[in-house]
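Everything below concerns the one structure shown next.
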Amino acid sequence: MIEWAADDGALRVTDADNTELSVRGADLVVGGPGPDIQRPVDETVVATANELRFPHAVVYAFSLGSGEQHELDLGGSPLSLSPGEYIVDIDTDIKTYLRFSGTATIEKTDGYDTITVSFPDRTRVLLGFRSHHELPAGTITVPDSPEAIATAISHLSASQKTDSPDRTYPSLRGHPSLLESGDDLEIPDCIREDTADTGIEVVVPPDYESLFVAAPLAYYLQATLRTCGRRRTGPDRPQLRLPERGVEEQLSPMPELEHDVEQLLRKTYFLDCLVRNVGPHGTNLAELNVLDALELDADALYDASPERRLATYLEVPYTAIEHRLPDWHLSTYVAPEYESVETLPFLLDRMSMIYMPRTSELEGKELVERSLEDFYRGVGDENGAASRASAGRVASVDIVKPELRNGRVHGWLADGVPIDVFKSTPEAYHNRLDYLERSSDSTSICVVLNDPEMAGEHDDVAEIYRQRSEDLSMDVTVGESLTTADLARVFEGEYDFVHYIGHCETDGLRCPDGYLSAANLDQCNSQTFFLNACGSYYEGMGLIEKGSVAGAVTVTKVLNDHAVKVGSTFAKLLVHGFSLERALGLARRRIMMGKDYAVVGDGTHSLTQGEQRFPITITLEELEEGPGDYLVELDCYSTRMNGSYYFPHTEDNEYAYLCGTESSFTLTESGLVTLLEEVEGSVIYDGDLYWSTGLSRQFKR
């Protein structure tokens, strides 16, 4: 769903996920809805202008006359288009296409933050927009039967818009249909008709463990998922099959099936990301030399059928590419039971790996030791810092140690409260869909201070939110010493984010006139939250059950100074596009007991968008052998948009990198300053976490 409005010389476009795009231009006049643009879009708009300005993006221009493709060199000269008819692809957070006739010049600004498309005269332009995030198309009813669930999973890939390697682009994978429980298997005709017949089969035993683990592979390959072992015909162990080509790849039974699926999915996905570059949306990837080393014909593979392409990939040894694979962005650990089936479409929408949940007890001081391992070395501990705990009783949480597999971010959909993961529930994912349908012109934030002694954090985060509101449509409300009734109205009101600063005890969040428990709310209409109070885990889970999507909580008592550090850093990262889990993961490493903080609900959820399309973290180290030179490592990935790429804006760089692949450069001090000023991101330097634009001042001479 795309909505647009024109005002003050700008065209503002928003989608159902609150992603916002502003298109500005000299004498821009928007005429209204337009005709088809020959690209997959949700909405088209006709406009006239001399110049159009977009946020920083990768840009391609396609000549409809000659068929030639041109790419804007983000580190070099402008792109000049000779007279002709063109479609320009601008890869912003909301996918944008321009169609026009004539000549044009496309260039970036010196600060890398804006792309301009200029025309010699006022020109009629057709703009097309496509949301990267969509609501599910339909619902499949499925009974408590492994065979029926396998069939239902086979039809979830109907949401994909192509079976070519371009499906690695997030914008070409729609949200899978929902799954709901029922007595009989019911698949709407429109979903059956949209399910591709790729000739690929994934065969697993008829148990929930195997079905859940194999689901991401079957979904991405658009394969038919079948069960084995109960009939006399067919294989009696897991297989990946290409019947028309006579290929049968033997897979291991559980638990080794997890390893086989992980390798197959990572290998196939990676090779598709490389092969897609010969298509209409290619770029100069740093990883492309892998195809030459493997002697793979990208042109032939791009045009090949899905089964032929997969057959070629199966011949590539995993060990030949293992060292070049980007880190996988997300893994979720799911209880293998019928009640978990409804979460599968949401996990597949994020392209999450799925594993079985396994835990062990933490031993002795292991929680403290694990906290210290993640702590940014060089930051002094606040000895004697005041505790945020009050004289009241704080709810205790029994923490367990999860057995984590491959993944940058980990989610937990099972019993127990493990460290190093976000604890989610089926309600959290369904709540997210409800918020996608809630129309809003801006992001609304409420900061609540319910203890005057904690005014320091209150002032810090309120200022952070207000500063960010200068760049985004954001409304900030501040409340102090709210009563139970007033605080209830906050959570029941339609805020996008509530930042509570105060005390939490076994009876709930402390107010001047008593305690507010989430259990006493009729519903919670606050999309996200941060309960920066001691032992707020159970209240946070209660808010998820009542309607929230995700939030940050504590699992024990926390020191006041620690809470201030985590709260202010979390606020900064959150309003610049970091997901809740990634924002809290970086923020809590600033204190020695960071494991006291956790995310509940859908930790992949983001409150707003950032200046960069994907959140970026820079690790900075001064080189001893070259005074004034710095080793810079860029880490860019998204828990929502696997398959995308980023372009490091460093001097002389000409390559893009797949998200999940770290890039490293050696920069002079002046080059470092330029990078920090141009990239809005977090920076790990000298034992602490900084914001790039603020840190840049330390290196100016």
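Each residue takes its place number in the sequence, starting with 1.
Defined by atom type and a distance below 3.5 Å, a donor-acceptor pair is missing between the side-chain atoms of D496 and Y435. With 3.5 Å as the limit, one finds a donor-acceptor pair spanning the side chains of E669 and Y630. Between the side chains of E494 and S444, no donor-acceptor pair is found at a separation under 3.5 Å. A donor-acceptor contact closer than 3.5 angstrom is absent between the side chains of T114 and R53. Counting only N and O atoms by type, the side chains of T116 and S118 include no donor and acceptor under 3.5 Å apart.
With sequence neighbours excluded, the residues that form a side chain to side chain contact (heavy atoms under 4.5 Å, CB included) with D166 are T162, S164, Y169, L172, R276, P280, H281, Y302.
Ring orientation note: the planes of W328 and Y269 are nearly perpendicular, at an angle over 60° on the 30°/60° scale. Classified by interplanar angle (parallel below 30°, tilted 30° to 60°, perpendicular above 60°), the ring pair Y685/Y690 is tilted. Using cut-offs of 30° and 60° on the angle between ring planes, the pair Y429 and F346 is parallel.
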After noting the C-alpha distance and the side-chain angles of T650 and D652, does the key distance pass the side-chain contact (heavy atoms from CB on, under 4.5 Å) rule? CA-CA 6 Å; T650 59; D652 299 329; over 6 Å; no
What's the verdict on side-chain contact (heavy atoms from CB on, under 4.5 Å) for F270 and L658, showing C-alpha distance, side-chain angles and the deciding distance? CA-CA 9 Å; F270 175 61; L658 290 173; 3.9 Å; yes
Go through R122 and V29 one step at a time and tell me if the side-chain contact (heavy atoms from CB on, under 4.5 Å) criterion holds. CA-CA 10 Å; R122 288 185 60 79; V29 176; 3.6 Å; yes
Given Y220 and R173, is the side-chain hydrogen bond (donor to acceptor under 3.5 Å, both in side chains) satisfied, shown in steps? CA-CA 9 Å; Y220 178 69; R173 297 192 305 267; over 6 Å; no
If you apply the rule side-chain contact (heavy atoms from CB on, under 4.5 Å), what do you find for I618 with L676, and how did you get there? CA-CA 9 Å; I618 300 171; L676 295 178; 4.2 Å; yes
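Looking at S638, its side chain does come within 3.5 Å of a backbone N or O of R640 through a donor-acceptor pair. A donor-acceptor pair under 3.5 Å is formed between the side chain of T198 and the backbone N or O of Q222. Under the 3.5 Å distance criterion, the side-chain polar atoms of T283 are left unmatched by any main-chain donor or acceptor of L285. Side chain of T617 to main chain of S682: no donor-acceptor pair is present (N/O by atom type, distance under 3.5 Å, no hydrogens or angles). Side chain of R266 to main chain of P326: a donor-acceptor pair is present (N/O by atom type, distance under 3.5 Å, no hydrogens or angles). Under the 3.5 Å distance criterion, the side-chain polar atoms of T604 are left unmatched by any main-chain donor or acceptor of D602. No donor-acceptor pair closer than 3.5 Å links the side chain of H329 to the backbone N or O of C659. Proximity of a side-chain donor or acceptor of K267 to a complementary backbone N or O of Y313 within less than 3.5 Å is detected. Judged by distance alone, with hydrogens and angles left aside, the side-chain atoms of N284 form a donor-acceptor pair with the main-chain N or O of E654 at under 3.5 Å. Although no hydrogens or angles enter the test, the distance criterion places no donor-acceptor pair under 3.5 Å between the side chain of D27 and the main chain of A49.
In summary, the aromatic rings of H576 and F578 are positioned with their centroids too far apart to meet the 6.0 Å limit.
Heavy atoms from other residues, nucleotides or ligands lying under 6.0 Å from CZ of R324 number more than 12. Counted within 6.0 Å of CG on D292, heavy atoms from surrounding residues, nucleotides or ligands total more than 12; the atom is thus considered enclosed. Counting non-hydrogen atoms of neighbouring residues, nucleotides and ligands closer than 6.0 angstrom, the CZ atom of F665 exceeds 12 such neighbours.
The side-chain heavy atoms of R124 and V46, taken from C-beta on, include a pair separated by under 4.5 Å. In this structure the side chain of L81 never reaches within 4.5 angstrom of the side chain of T103, judged on heavy atoms. Inter-residue side-chain proximity for Y646 and S663 is flagged as met; some heavy-atom pair is nearer than 4.5 Å. Between T195 and S154 the shortest side-chain heavy-atom distance does not fall below 4.5 Å. Looking at heavy atoms from C-beta onward, Y97 lies out of side-chain contact with T44 at the 4.5 angstrom threshold. For the pair R582/R408, no side-chain contact is recorded, criterion being any heavy-atom separation below 4.5 Å from C-beta on. Under the 4.5 Å side-chain criterion, counting only non-hydrogen atoms from C-beta, V117 is in contact with F54. Inter-residue side-chain proximity for L28 and V30 is flagged as met; some heavy-atom pair is nearer than 4.5 Å.
Residue L675 holds its CG atom at 7.5 Å from CD1 of I616, rounded to the nearest 0.5 Å. The structure places OG1 of T661 at 12.5 Å from CG of L634, a figure rounded to the nearest 0.5 Å. Separation of atoms OG (S157) and CG (D163) is listed at 10.0 Å; rounding is to 0.5 Å. Separating the CZ atom in R350 from the NE2 atom in H605 is a distance of 8.5 Å, to the nearest 0.5 Å. The OG1 atom of T168 sits 6.0 Å away from atom CG of D272, with the distance rounded to the nearest 0.5 Å. Rounding to the nearest 0.5 Å gives a distance of 7.0 Å between CG of D629 and OG1 of T668.
A salt bridge between E85 and R99 is present, with a side-chain N of the basic residue lying under 4.0 Å from a carboxylate O of the acidic one.
Heavy-atom minimum distance, Y637 versus V409: OH-CG2, 3.8 Å. The heavy-atom pair separating P55 from I115 by the smallest distance is O-CG1, 3.8 Å. Across every non-hydrogen atom of G577 and P615, the tightest pair is O-CG, 3.3 Å. Contact detail for F647 and N653: the closest heavy-atom pair is CZ-O, 3.5 Å. Across all their heavy atoms, H155 and I140 have their closest contact at CB-CD1, 4.0 Å. In terms of heavy atoms, P136 sits closest to S177 at CB-CA, 4.3 Å.
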